Amino acid sequence: MIVVDYFKDLYHATVDGWNRFWFTPTDPATLGLIRILAGTMVFYTHLVWSIDLQGFFGEQGRLSPTFVNLIHQGKDSAWSYLHLVDHSPGLLWAAHIIALVILLMFTVGLFTRTTGVLAFIICISYVNRVPGSLFGLDQINTLLITYLMLGGAGKAYSLDRWIARRQGKKVLEIDKNINANISIRLIQIHMCIMYLFAGLGKLQGDTWWDGTATWMGFANTEYRSFDVTWLAAYPLVINLMTQVSLAWEIGYAALVWPRWTRPIMIAMAVPLHLGIAVCMGMITFGLAMIFGNVAFVSPGLVRGVVDGVIRKLGLIEGANPGSTKTEQAAA
Amino acid sequence: MPTQDKNQPDQKLSKKAKKQRQQAQWSPGLRMLVSAFLLFHCVALFVAPLASPQPSSGLSRSVESMIEPYLRATFLKDHGYRFFAPNPPMASHLVRYELLDAQGNITSEGRFPDLDQHWPRLLYHRHFMISESMFGITDIPSEPYSDSPEDIKYHQELRRLPDAYLESIGSHLSRQHDAPRVKLYMVEHFILSPEESLKGDSPVAEKLFGERFLGEYVREEGPANDRR
């Protein structure tokens, strides 16, 4: 009987935990902030493609459809609507401009439900069309857009809410919802998986064990945008930086969840990714990873900071004018 | 999942917050459906980096092949998230190209990525990733990873990629610069050790560069037929 009781309790505890984890309505403030940050990054990423749109996406560009098809092993599931327009510069440009407008609309939270889905379609289409020129930025951009699409991202800090208010519609000050919670949870889990494999993969490499790996980044003239090779005189500092960043990556998936260690893990993400951004010239990637970490910031804190800034700037009339203490506690 | 929600509403919540919470609850059926999808998606998130890059287990690769359409459709396939792993690169890879006339005389040359030419930094990085991926693709091992039919087939497909990539890049450069012939070279730029750096060695000294010929693209004169 003890064994049966154990499994019964285990079942109930698992199901309750699962439901609490995924299906508790949450304040969409954090998701709204991520929408603005990630949306801006995705918009910028696609804006930069404009400099050489034909060279990257044209039928006669660097990455021919034949080569791209071979990379995707001829699988249709690696879809991209750009194949329909890449033969014509006019059509390609029209599609690109429409894509930029949609991404901008999503960033400011206009018709967010629809533009969220369209932003996902745009992101996937672009990355699947140019497989040879991608890097970590594209992975994190697509990750964030995928989960922002699921709903709830427009329920805070969006033009949708501002317009609804102006039209006199009833708008909840804090529109807690399950969709927002699912989106945030998926971002959190995906970030953990990303760091876990990044850390575990490094354990196979000698330079992460002997503490010289970060030097490889600093000394690489094709990557770096800021010369810190003077650190060669301080090998122990290089060792420390290497091994702290490795320990942080491996520990992230476990230590970012407990209340006491979470602020430390998130705070460490900032210098680590800013270091990559500044020293290795990958500003976009570094910032995008920090935006992903915002998923672990509580909506209460986001409201405390963002609402304050909005009110100070007088940007939006009566924008989410705070919540009661009990509502904040529930959030 | 369909179960009794044991979370009692917090007594301290305002009436408005309680009402909001009640309205936001999903039916057990919907929760079950969404739970099934979430479970599937989380499995997919784990399987993708477990299966790729190699070495990976037959189990993870089998599961990956079962859910491959989903992974590709959501841009989760072949990532692995091994940023700067197992080791950061000991060298950067750049592509140098020579533009030739029909008689084979060099008329001009260039390289990518090029910090002076490619701005902003993100655009530079796009070009950098092309040269790095060309290195990866043209440096495919001559033998498959194992003797399994799956690996042999995968390896055969991989061996077709270098030619297709060179053709793609070569024909683009040929059109861009109106050059009948283009020769491509892979340049390896090794980095200085901390000791060399302390001695004051230049990070762009000639000894740090190596080069190998990748191939030549020859444009077929006539109606839009190109060949290598």
Side-chain angles (χ1 to χ4, degrees), chain A residues 15-16 18-20 22-23 25 45 48 51 60-64 66-67 70 73 75 77-79 124 127 132-136 139 142 146 172 176-178 189-190 193-194 197-198 201-202 204-207 213 215-217 219-222 225 229 232-233 235 281 283-284 324 326-327 330, chain B residues 1 3 5-7 10 12-14 17 20-21 24 26 31 35 38 42 45-46 49 68-69 72-75 79-90 92 94 113 120-123 125-126 128-130 133 157 160-161 164-165 168-169 171-172 175 189 191-192 194 197-198 203-204:
Chain A
V15 170
D16 288 346
W18 175 274
N19 284 328
R20 203 167 42 247
W22 292 108
F23 301 113
T45 303
V48 170
I51 298 168
Q60 298 188 329
R62 291 172 186 86
L63 305 161
S64 69
T66 311
F67 168 68
L70 210 54
Q73 298 166 330
K75 302 283 169 65
S77 48
W79 55 276
I124 297 284
V127 291
S133 59
L134 306 177
F135 64 110
Q139 293 174 26
T142 315
T146 301
L172 292 170
K176 286 185 190 173
N177 63 88
I178 295 175
I189 288 175
H190 207 142
I193 290 173
M194 195 183 274
F197 280 94
K202 289 178 177 75
Q204 292 177 307
D206 299 343
T207 56
W215 171 259
M216 308 284 187
N220 190 317
T221 52
E222 274 74 35
S225 51
T229 48
I283 296 161
T284 45
T324 64
T326 47
E327 281 169 343
Chain B
M1 286 189 183
T3 179
D5 193 347
K6 290 182 179 175
N7 296 329
D10 192 332
K12 289 178 185 172
L13 287 179
S14 67
Q20 233 179 288
R21 177 171 282 190
W26 286 0
R31 274 195 285 178
S35 292
L38 290 170
C42 288
L45 290 183
F46 262 103
E68 190 184 327
R72 284 193 189 276
T74 49
F75 193 58
H79 291 155
Y81 310 124
R82 311 294 208 275
F83 305 125
F84 298 105
N87 288 299
M90 308 282 282
S92 297
L94 313 134
R121 187 77 186 197
L122 178 54
L123 184 67
H125 226 80
R126 296 296 184 197
F128 192 12
M129 290 303 104
I130 289 183
S133 60
E157 282 170 5
R160 290 167 60 201
L161 283 172
Y165 212 168
S168 184
I169 297 290
S171 64
H172 173 72
R175 269 189 294 270
H189 179 194
I191 62 170
L192 288 175
S197 185
L198 279 176
V204 289

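In what follows, chains carry the letters A, B, and so on, assigned in the order in which the sequence lines appear, proteins first and then strands, with residues in each chain numbered from 1. Note that this is a predicted model, so its numbers are computed, not measured.
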Select one option (side chain, backbone, both, neither) describing which atoms of Leu134(A) are under 4.5 Å from chain B's heavy atoms.
both
Identify which part of Arg126(B) has an atom lying under 4.5 Å from any heavy atom of chain A, answering side chain, backbone, both or neither.
both
Of all the heavy-atom pairs spanning Leu192(B) and Trp215(A), show the shortest one and how long it is.
O-NE1, 2.8 Å
Please identify each residue that fulfils ring pair (Phe, Tyr, Trp, His ring centres under 6.0 Å) with His189(B), with sequence neighbours left out.
Phe209(B)
Answer with side chain, backbone, both or neither: which region of Phe75(B) has an atom nearer than 4.5 Å to a non-hydrogen atom of chain A?
both
Which atoms of Thr284(A) come close to chain B, meaning under 4.5 Å heavy atom to heavy atom: side chain ones, backbone ones, both, or neither?
side chain
Taking all atoms of both residues into account, what is the closest heavy-atom pair of Trp18(A) and Ser35(B), and its distance?
NE1-OG, 2.8 Å
Gly201(A) and Arg82(B): which non-hydrogen atoms are nearest, and at how many Å?
CA-CD, 3.9 Å
How long is the gap from CG on Leu161(B) to CG on Leu70(A), to the nearest 0.5 Å?
4.5 Å
Side chains of Asn87(B) and Met216(A): does their closest heavy-atom pair fall under 4.5 Å?
no
I need the residue from Pro49(B), Pro120(B), Pro89(B) with the largest number of non-hydrogen atom pairs under 4.5 Å to chain A.
Pro49(B)
Would you mind checking which part of Ile51(A) comes under 4.5 Å of any heavy atom in chain B, side chain (CB onward), backbone (N, CA, C, O), both or neither?
side chain
What heavy-atom pair brings Ala198(A) and Ala85(B) nearest, and what distance separates the two atoms?
O-CB, 4.3 Å
For chain B, which candidate among Gly61(A), Ala78(A), Pro235(A) shows the most heavy-atom pairs at distances under 4.5 Å?
Gly61(A)
On a heavy-atom basis, the closest approach of Gln73(A) and Glu68(B) is OE1-OE2, 4.1 Å
Lys202(A) side chain vs Pro88(B) backbone, donor-acceptor pair below 3.5 Å
no
Would Phe83(B) and Met194(A) count as a side chain to side chain contact (heavy atoms under 4.5 Å, CB included) if you check the C-alpha gap in whole Å, the side-chain angles of each, and the deciding distance to 0.1 Å?
CA-CA 9 Å; Phe83(B) 305 125; Met194(A) 195 183 274; 3.9 Å; yes
Heavy-atom distance under 4.5 Å to chain B: side chain of Thr229(A), backbone, both or neither?
both
Should the ring pair Tyr165(B) and Phe67(A) be called parallel, tilted or perpendicular, given that the plane angle runs from 0 to 90° and is split at 30 and 60?
parallel
With a 4.5 Å heavy-atom cut-off, do Leu122(B) and Phe135(A) have their side chains touching?
yes
Does any part of the side chain of Phe197(A), heavy atoms only, come nearer than 4.5 Å to the side chain of His79(B), both counted from C-beta?
no
State the CG-CH2 distance between Asn19(A) and Trp26(B), to the nearest 0.5 angstrom.
11.5 Å
Using non-hydrogen atoms only, which part of Ile124(A) is less than 4.5 Å away from chain B: side chain, backbone, both, or neither?
side chain
Can you tell me how far CG of Leu63(A) sits from OG of Ser133(B), rounded to the nearest 0.5 angstrom?
7.5 Å
Minimum heavy-atom separation for Ser225(A) to Arg121(B), with atom names?
CB-NH1, 3.8 Å
Value rounded to 0.5 Å, distance of NE2 in His190(A) from SG in Cys42(B):
10.0 Å
Between Ser168(B) (side chain) and Ser64(A) (backbone), is there a donor-acceptor pair under 3.5 Å?
yes
